[in-house]
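Accompanying notes for the structure given below.
Quantities reported herein were computed from a predicted structural model and do not represent experimental measurements. We count residues from 1, following the sequence as given.
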Amino acid sequence: MASFESAVRAITVSGASTPRFGFHWQAGKALPLAGRLVLSLLLSVALVFAIEWIARDSATQAGLFFLDPLRPGWTTVGVFFLVFLTLDAVFSRENYGVILIAPLALLPALVSRQKQIFLSDPLYPTDFLFGRQIMELMPVLVKDRPWTAVGILVGAIAALAALAWLVRFAWRRFPVLTRKQRLTRLVVALPLLASFYHIMDYNTFSWVRDRLQVIPMMWDQTENYRHNGFIMAFALNLPMANVTAPGGYMSEAIDKIPTKPLPAGTSHRGKPDVIVLMSESLWDPTRLPQVTLTPDPMPTIREMQSGNVFSPEFGGMTANVEFEALTGFSNAFLPYGSIPYQQYIRNPIPSLATFFRGEGYVSRAVHPFQKWFWNRSAVYKAFGFDDFRSEENLPAMQKRGIFTSDEGLTKEIIRQADQLRDPFFFFTVTLQGHGPYEANRYAKNTIKVEGNLPEVDRKVLATYAQGVKEADDSLKMLMDWAKERDRETIIVLFGDHLPPLNTVYPNTGFMKGLTASRKGPLDQMKVQHETPLVVWSNKTGPVKDIGTISPAFLSYQILKQGGFEHPYYTGFLGNIFDRYPIIDRYMLVDKAGKDMASWARQKTIPPLVRDYRFLQHDMMFGKRFGMERFFPTHASLYEGA
């Protein structure tokens, strides 16, 4: 006990410095040991409280985080205290650590609060992987809220200036630590921080971490951040890119997955051209209660509609929906908050592009924005597309607002298609429907919005509905062109997620908050996550009664409509679809519409879903034991990869 008291005494004894401006920084010499410990503790408490207040947008909730003994409020304070001691020792200045750490901790909390407003999710470590994309969208945000942008800019400049002054002032005025004081701090703080780092791996159980009330809840990030606090939850998410193999995964498990003896290739109708349109934020706005839209903004889509896509996202994260649609794999088997396009697609991955290339098709991706966005350039290459036509190599097209119009993009698709003799597979991501839906984006809105809505919401909805109408008009244009073609042409259209309409949702009574729920009763989840799906052929018309499906089953629907057979996309994936048309992180819905809630947390999951997870892990992270059996085309295209 005496040695511990000696260590604490050594840690808390200050060096000397000369005061200026009449402020006596040498007071640290006379400050009692207990008082200096209390000061350090109070600085840690104040910072953690400020972080939680910002992240939760509630001082009351921040206070409860400390008062609840089953939550790690004081554990977080202890970690900050140790970090402060370490940085004080490194820079040889008393309390210098708080000057350096506070801005680095408060700014992410502020960003997390803003992200929750627009996308419902808190800030994840992987969000920093696409910071450049946020900067590219800044002109849109500035145009939507110019005075807010000016205020943020002025505030940022003032904050940076104040921080620079404070860092310089602290360096010159804070008490200097002696070599012995610095060494003692490091000897005490570093081993404790190292041991804490060791127990933070959520993939393994830790008795100590459990006693400290740090409880990883990776399956429910809302609760994870609520319980553990912003800093602890953020730290727990740092290793989310490290995906571990599911229990039981091995070559024998893959070998036991049954496959139908299906021949690869088309079955009876030659080789149809295939155009898949993932329409940005396409949704049926007539679903909003208490408002009327005149005329119907989507008559073509409504007439041709085959079913709905159950989007795993809301208001953004388009790439996650795209990942499922192109690969036939599911986000439900990946860590919550992960973004496959950013984290996992580093090597060739089986996709619709490799399938169609194996069938002799031209396989092309088209998106009228910059190729680096969502890492698409590298991802499309890994998926096996022949080429990617992006803003950099597309001709100038008509704009609606600041984005390329759906009409202009449709004309470009038609132009490219008319130049090809070989069958083609086009995967196209539109851009016009992207938010925010600022008033007066269009010179003239042809959709009348009636109902008891605030004027701001009315203008937002009018802008969005006009975009839906123009997406609908563009689909009709594409279908009219396809009807004149001799070769069968299959057109698939779907929305990636509901649009970020913000207060339109609660003010119409559509849902209580600004964003959709991540989990809830099936009826509620369908309302908040369904987007329109059209599967249409110029020879046979629309496919009807597909129902509501996860994006991962779009590949099955496309190949089935084209008359193709494939061991994975129509064989294995078809078997899954016949049993479970919706596979989401929080729900597993069978063909009868029965939901198995929290299925991913159960010790045993249905064998068919277990095999699905095995096969996805095998292709994305594993040894690819099932390549030859399930993806023969991919195996031949990337032999040795």
Test: Asp472 and Arg302 ion pair at under 4.0 Å: no
CA sep, side-chain torsions, deciding dist, call: Gln370, Ser390, side-chain hydrogen bond (donor to acceptor under 3.5 Å, both in side chains): CA-CA 6 Å; Gln370 297 176 23; Ser390 62; over 6 Å; no
Distance-only side-chain donor-acceptor flag, Gln432 / Thr404, under 3.5 Å: no
Heavy-atom side-chain proximity of Pro500 to Pro436 below 4.5 angstrom: no
NZ or CZ of Lys591 within 45° of Phe577 ring axis and under 6.0 Å: yes
CD1 on Ile546 to CG on Asn308, rounded to 0.5 Å: 10.0 Å
is_close_aromatic(Tyr505, Phe314), centroid dist under 6.0 Å: yes
Within-4.5 Å side-chain heavy-atom neighbours: Ile582 and Lys526: yes
Within 6.0 Å of CG in Asp480, more than 12 heavy atoms from elsewhere: yes
Parallel, tilted or perpendicular: rings of Trp283 and Tyr464 (30°, 60°): tilted
Distance-minimising heavy-atom pair for Pro312 and Pro551: CD-CG, 3.8 Å
Exercise: do Gln561 and Thr540 side chains pair donor with acceptor under 3.5 Å: yes
Exam field: side chain Asp68 to backbone Leu64, donor-acceptor pair closer than 3.5 Å: no
Residue pair Met511 / Pro506, side-chain heavy-atom distance below 4.5 Å: no
Salt-bridge present (Arg518, Glu313; N to O < 4.0 Å): yes
Derivation and outcome, side chain to side chain contact (heavy atoms under 4.5 Å, CB included), residues Ser58 and Trp53: CA-CA 5 Å; Ser58 169; Trp53 186 351; 5.6 Å; no
Side chain proximity check, Val48 to Ile231, heavy atoms < 4.5 angstrom: no
Asn445 side-chain N/O to Ile447 backbone N/O, donor-acceptor pair under 3.5 Å: no
Residue pair Phe234, Leu123: steps toward the side chain to side chain contact (heavy atoms under 4.5 Å, CB included) verdict: CA-CA 8 Å; Phe234 189 87; Leu123 185 71; 4.1 Å; yes
Aromatic plane relationship, Tyr380 with Phe383 - under 30° parallel, 30 to 60° tilted, over 60° perpendicular: tilted
Side-chain (Ser550) to main-chain (Ala552) donor-acceptor, under 3.5 angstrom: no
Basic-acidic side-chain contact under 4.0 Å: Glu470, Arg400: yes
Side-chain donor/acceptor of His367 to backbone N/O of Phe427, under 3.5 Å: no
Donor-acceptor pair, side chain of Arg113 and main chain of Ala55, under 3.5 angstrom: yes
Shortest non-hydrogen contact between Pro289 and Thr508, atoms and distance: CG-O, 3.1 Å
Gap separating the CD1 atom of Ile605 from the CH2 atom of Trp599, nearest 0.5 angstrom: 5.5 Å
Between CG on residue Leu282 and OG1 on residue Thr430, distance to nearest 0.5 Å: 8.0 Å
Separation of Arg458 CZ from Asn507 CG (nearest 0.5 Å): 11.5 Å
Exam field: side chain Lys411 to backbone Gln398, donor-acceptor pair closer than 3.5 Å: no
NZ (Lys544) with more than 12 external heavy atoms under 6.0 Å: yes
Heavy-atom neighbours of Lys399 NZ exceed 12 at 6.0 Å: yes
Residue pair Pro542 / Met304: nearest heavy atoms and the distance that separates them: CB-O, 3.5 Å
Residue of the set Val274, Asn538, Leu478 for which side chain to side chain contact (heavy atoms under 4.5 Å, CB included) holds with Thr489: Asn538
Donor-acceptor under 3.5 Å (Arg585 side chain, Asn331 main chain): yes
SB check Arg376 Glu322 (cutoff 4.0 Å): yes
Heavy-atom side-chain proximity of Val291 to Glu450 below 4.5 angstrom: no
Beyond-backbone contact of Leu293 with Leu288, side-chain heavy atoms, under 4.5 angstrom: no
Pair Glu530 + Arg287, salt bridge at N-O below 4.0 Å: yes
From CE (Met620) to CD1 (Ile349), nearest 0.5 Å: 5.5 Å
Interatomic spacing from CD1 in Ile345 to CH2 in Trp374 - rounded to 0.5 Å: 13.5 Å
Worked verdict on Thr531 versus His497 for side-chain hydrogen bond (donor to acceptor under 3.5 Å, both in side chains): CA-CA 6 Å; Thr531 65; His497 51 68; over 6 Å; no
Verdict with supporting geometry, Glu438 and Thr463, side-chain hydrogen bond (donor to acceptor under 3.5 Å, both in side chains): CA-CA 7 Å; Glu438 68 280 4; Thr463 295; over 6 Å; no
Test item: Ile339 and Asn320 side chains (from C-beta on) under 4.5 Å apart, heavy atoms: yes
Side chain to side chain, Leu409 and Leu431, heavy atoms closer than 4.5 Å: no
Candidates Ile413, Thr410, Val276 - the one meeting side chain to side chain contact (heavy atoms under 4.5 Å, CB included) with Thr428: Ile413
Any donor-acceptor N/O pair, Gln305 side chain to Gly307 backbone, under 3.5 Å: yes
Between Tyr580 and Tyr612, ring centroids under 6.0 Å: no
Verdict with reasoning, Tyr569 to Tyr556, per ring-ring contact (aromatic ring centres under 6.0 Å, His included): CA-CA 5 Å; Tyr569 290 114; Tyr556 166 66; over 10 Å; no
Plane angle bin for Phe369 and Phe373 - parallel if under 30°, tilted between 30 and 60°, otherwise perpendicular: perpendicular
NZ or CZ of Arg56 within 45° of Phe65 ring axis and under 6.0 Å: yes
Gln290 side-chain N/O to Gly509 backbone N/O, donor-acceptor pair under 3.5 Å: no
Candidate pair Val609 and Leu588, rule side chain to side chain contact (heavy atoms under 4.5 Å, CB included), full reasoning: CA-CA 9 Å; Val609 179; Leu588 181 65; 4.0 Å; yes
Stepwise side chain to side chain contact (heavy atoms under 4.5 Å, CB included) test for Met298 and Asp296: CA-CA 6 Å; Met298 45 181 282; Asp296 183 359; 3.8 Å; yes
Polar side-chain atom of Asp590 near backbone of Lys594 as donor-acceptor pair, under 3.5 Å: yes
